[in-house]
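Heads up, the thing below is written out as structure tokens.
Each ligand, and each atom within it, is numbered from 1 in the order the structure gives.
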Amino acid sequence: MTARLVVLISGNGSNLQAILDAIRLRVLDAQVVLVVSNRQAAYGLVRAAQAGVPTRYHPLKPYRDAGRSRTEYDADLAQIVAAAKPDWVVLAGWMHILSDAFLRHFPYRVVNLHPALPGQFPGAHAIEEAFAAFRRGEIKQTGVMVHLVPDEQVDRGPVILSAEVPIYASDTLETLTQRIHQTEHKTLVQALQRLIAGDE
Ligand code: GRF
């Protein structure tokens, strides 16, 4: 049965594009039923619209301006997402930490992509930190991972799939970032294939 995916983004949406392309090429038996962004300028919203996927902009600022809590923001986000009846909620470059006010609505159904190997470089600067660690001679490679998000731990959870990414002496931050994103695109689609197959 075709899996229903809701994808949460905050930026360029190249990983969303990888999912949309895999669906179009029949590599992924899924349908993106909704894309939500916390940033209105996120190019991923354009990508979704071009693919005919419904989008929703859900900013945090109005909650902050009204003195409303992050919990309320997350609870409202959960209602928006739940209305689309997802089988999986995919965090593809979603830059907010989700509290249990959101997660409890989708137990073991939230999937996060992170540009580092399991247990390495949590947070929003993983690629830069890996590059710096390489330059200090501390690591020879980095990687990407796709994991479930059962709780509020940042970029940690049961790993569905990870992939190593080599770092070369000739690399700049830009060349490494590009290689990592290319690996993310493949790894995310493969991880979703596994999850969807496991549901059947
Ligand atoms: C990816 O590297 C993702 O792992 C990280 O943010 C980036 C989003 O890229 N959380 P994109 O918006 O999918 O192009």
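For the pair R104 and D74, the salt-bridge criterion is not met [side-chain N within less than 4.0 Å of a carboxylate O]. A salt bridge does not link D151 to R156: none of the charged side-chain nitrogens sits closer than 4.0 Å to a carboxylate oxygen.
At the shortest separation from atom 12 (O) of ligand 1 among protein heavy atoms lies G13 N, 2.8 Å. Protein heavy atom closest to atom 14 (O) of ligand 1, with residue, atom name and distance, is S14 OG, 2.6 Å.
In terms of N/O distances under 3.5 Å, ligand 1 is not approached by H114. Of the N or O atoms in N15, one or more lie within a sub-3.5 Å distance of an N or O in ligand 1. The shortest N/O to N/O separation between L16 and ligand 1 does not fall below 3.5 Å.
For I9, the heavy-atom gap to ligand 1 stays at 4.0 angstrom or more.
Between F106 and F102, the ring planes are tilted. Angles from 30° to 60° get that label.
Between the side chains of S37 and H58, not a single donor N or O lies within less than 3.5 Å of an accepting N or O.
For atom 6 (O) of ligand 1, the choice among G11, G44, G93 with the nearest heavy atom turns out to be G93. Distances from atom 3 (C) of ligand 1 to the heavy atoms of E184, H181, H185, M95 put E184 nearest.
By the rule that hydrophobic residues join a cluster once side-chain heavy atoms approach within less than 4.5 Å of another member, I160 and L28 end up as members of one cluster.
The backbone N or O of Y57 lies less than 3.5 Å from no partner atom in the side chain of R39, so there is not a single donor-acceptor pair.
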